[in-house]
Amino acid sequence: VQVTGEKDIYNGTHEVKNATFTVIDAESTIEFADITDIFAATDDMKSESLTKKAYMPVTIKNVIIGDIDEANSYYYFTIGASKSYLRISSSDNMLSEAETKAFKDGFAALKGKYATVKGLATVYSGSFYIQVITADAAVEQAAPEKDPAGQIADVKGRLAIDTKINGSGRTFTLPTQDTVYTSVNIAWAASSDIAKIEDGKVTYTFTEDGTVKLTATLTHATDATVSDTKEFEVTLSLGTAATVKQIYDASKGDTTLYILTGYVVAAGGDHNTPGNFVFADATGSIFSFEKMAVEVGDYVQIVGTKDV
């Protein structure tokens with residue numbers, strides 16, 4: 001196409017206002033530029049090596065698919081320390097409703113796996129990300145071929161757990177088998193009874209702030225001669241008991257860890273499906289953007305920091 005219009009810049013993104021366009025060739029196809037090496041070479045998403053690719057159709061191979069944010073807006077991927085995200089534009093989504101669902105469902109199914117991502121290189125507030133323009137913006141790919149030692153090293157580099165525990169009595173699932181190299185098994189041990197490990201889960205029970213060390217031992221199902229370990233120092237925080245009013249009165253930027261106790265008075269989910277909810281005590285109510293499996297009437301304890 002040929003486009004005519006006025007230049008504009010919005011949050012670092014170059015745009016054309018009042019545009020008109022003419023189709024020159026309706027039969028041409030889009031070529032996606034492979035920027036895998038460029039992306040892997042920097043963990044700074046504001047690097048010009050990436051931001052200068054803005055508005056180019058790009059593809060990045062050998063990424064590991066990560067989490068999706070609570071609002072289902074940011075779809076993260078990594079190569080080593082390099083991390084960015086796919087995002088469906090809220091103002092000019094190029095996908096149909098069916099294509100949007102296909103992308104979201106497909107991405108969620110790929111968590112922890114190797115994949116190839118593609119889309120429109122975009123810059124927002126000076127940082128690089130990829131705008132989704134096709135339903136197949138994230139497609140599973142075969143994991144790189146590696147010997148048992150190489151597989152263990154790969155898994156060790158990707159292995160992560162929650163290392164900031166807010167509130168005693170919480171339970172977390174620990175990975176016991178890699179999702180990519182399924183012959184790599186993971187066994188866990190703790191440095192203290194504060195962390196009780198059983199059936200692939202760890203429960204932290206403590207009466208004061210502190211730390212505990214968790215050690216993962218990685219072994220290979222087909223080669224008993226190779227193994228490795230990875231240690232995690234887990235920070236344990238009890239928090240400070242507070243009311244909703246005290247949260248409101250706290251200064252903006254307050255990083256205190258608070259404990260709230262009260263009732264769920266409105267819920268977007270239930271005990272089977274997490275959803276946003278409204279929590280209340282005798283001093284007021286507060287909305288939770290974090291989704292939890294709660295229902296109206298539940299008596300709950302919330303541990304977290306203030307955000308505005």
Side-chain angles (χ1 to χ4, degrees), residues 65-77 83-91 93 100-101 103-105 107-109 111-112 124-125 129 160-175 194-195 201-210 232 234-308:
I65 297 298
D67 292 324
I68 304 170
D69 78 313
E70 289 290 339
N72 290 320
S73 298
Y74 298 88
Y75 298 78
Y76 293 99
F77 61 86
K83 181 178 182 179
S84 188
Y85 58 88
L86 294 161
R87 178 169 167 80
I88 298 175
S89 173
S90 58
S91 59
N93 183 6
T100 298
K101 184 178 187 305
F103 162 72
K104 291 182 175 182
D105 292 347
F107 189 96
K111 182 177 179 179
Y124 184 77
S125 294
Y129 75 95
I161 61 171
D162 291 299
T163 56
K164 293 184 178 180
I165 308 304
N166 298 330
S168 177
R170 301 182 66 189
T171 299
F172 299 82
T173 299
L174 296 171
I194 287 173
K201 295 182 179 181
V202 57
T203 299
Y204 299 96
T205 305
F206 51 98
T207 57
E208 60 183 5
D209 293 353
F232 298 89
V234 180
T235 301
L236 310 171
S237 302
L238 278 175
T240 300
T243 64
V244 170
K245 184 179 184 303
Q246 288 173 318
I247 297 294
Y248 283 141
D249 291 343
S251 62
K252 183 177 181 179
D254 180 8
T255 59
T256 303
L257 184 68
Y258 290 107
I259 303 173
L260 297 171
T261 304
Y263 292 89
V264 175
V265 296
D270 54 36
H271 290 154
N272 297 313
T273 305
N276 302 115
F277 64 96
V278 177
F279 165 92
D281 62 14
T283 67
S285 61
I286 194 166
F287 179 80
S288 173
F289 282 99
E290 184 170 351
K291 296 179 180 179
M292 296 185 180
V294 295
E295 296 180 357
V296 173
D298 285 353
Y299 186 63
V300 299
Q301 183 181 83
I302 298 174
V303 182
T305 55
K306 175 175 179 175
D307 192 16
V308 179

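Quick note: residue numbers are just sequence positions, from 1.
To the nearest 0.5 Å, atoms CD (Gln246) and CG (Asp281) are separated by 9.0 Å. With rounding to the nearest 0.5 Å, the separation of OG1 in Thr243 from CG in Leu260 is 7.5 Å. Distance check, rounded to the nearest 0.5 Å: OG1 of Thr100 to CG of Asn93 gives 4.0 Å. Atoms CD1 and CD1, on Ile302 and Ile259 in that order, are 11.5 Å from each other to the nearest 0.5 Å. With rounding to the nearest 0.5 angstrom, the OG1 atom of Thr205 is 11.5 Å from the CD1 atom of Ile165. Interatomic distance, CD1 of Ile161 versus OG1 of Thr173, reported as 12.0 Å (0.5 Å rounding).
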(request) Could you check Ile88 against Lys104 for side-chain contact (heavy atoms from CB on, under 4.5 Å), going step by step and ending with a plain yes or no? (result) CA-CA 10 Å; Ile88 298 175; Lys104 291 182 175 182; 4.1 Å; yes
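Shown here for Val202 and Ala195, the closest heavy-atom pair between the two residues is CG2-CB, 3.8 Å. For the residue pair Val278 and Ser285, the shortest heavy atom distance occurs at CG1-CB, 4.0 Å. Nearest heavy atom pair, residue Ala267 against residue Val294, reads CB-O, 3.7 Å. Nearest heavy atoms, Ala266 versus Val296: CA-CG2, 3.8 Å. Across all their heavy atoms, Asp162 and Tyr204 have their closest contact at O-OH, 4.4 Å. The two residues Thr171 and Thr203 have their closest heavy-atom pair at OG1-OG1, 2.7 Å.
No side-chain heavy atom of Val264 sits under 4.5 Å from any side-chain heavy atom of Glu295. Between Leu238 and Ser168 there is a side-chain heavy-atom pair separated by less than 4.5 Å. Two residues are said to be in side-chain contact when any heavy atoms from C-beta on lie closer than 4.5 Å; Thr283 and Tyr248 fail this criterion. At least one side-chain heavy atom of Phe107 sits under 4.5 Å from a side-chain heavy atom of Leu86.
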Distance-only check: which donor-acceptor pairs under 3.5 Å involve side-chain atoms of residues 270-277, not counting sequence neighbours?
{"from": "Asp270", "atom 1": "OD1", "to": "Asn272", "atom 2": "N", "distance (Å)": "2.8"}
{"from": "Asp270", "atom 1": "OD1", "to": "Thr273", "atom 2": "N", "distance (Å)": "2.7"}
{"from": "His271", "atom 1": "NE2", "to": "Asp298", "atom 2": "OD1", "distance (Å)": "3.3"}
{"from": "His271", "atom 1": "NE2", "to": "Asp298", "atom 2": "OD2", "distance (Å)": "2.8"}
{"from": "Asn276", "atom 1": "ND2", "to": "Ser288", "atom 2": "O", "distance (Å)": "3.3"}
{"from": "Asn276", "atom 1": "ND2", "to": "Phe289", "atom 2": "O", "distance (Å)": "2.7"}

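Every residue was checked against the salt bridge (charged side-chain N to carboxylate O under 4.0 Å, His left out) condition with Lys291, not counting sequence neighbours, and none meets it. Scanning for salt bridge (charged side-chain N to carboxylate O under 4.0 Å, His left out) contacts around Lys245 gives Asp249, with sequence neighbours left out.
No cation-pi contact links Lys306 to Tyr258, judged by a cut-off of 6.0 Å to the six-membered ring centre and 45° from its axis.
The aromatic rings of Tyr263 and Tyr299 lie tilted to each other, with the angle between the two planes from 30° to 60°.
Between Tyr129 and the options Tyr76, Tyr85, Tyr74, a ring-ring contact (aromatic ring centres under 6.0 Å, His included) holds for only Tyr85.
Between Tyr75 and Phe103, the distance from one ring center to the other falls under 6.0 angstrom.
Within a 6.0 Å radius of CG in Asp307, no more than 12 heavy atoms belonging to other residues, nucleotides or ligands are found.
A distance-only check finds no donor-acceptor pair linking the side chain of Asn166 to the backbone of Val303 [under 3.5 Å].
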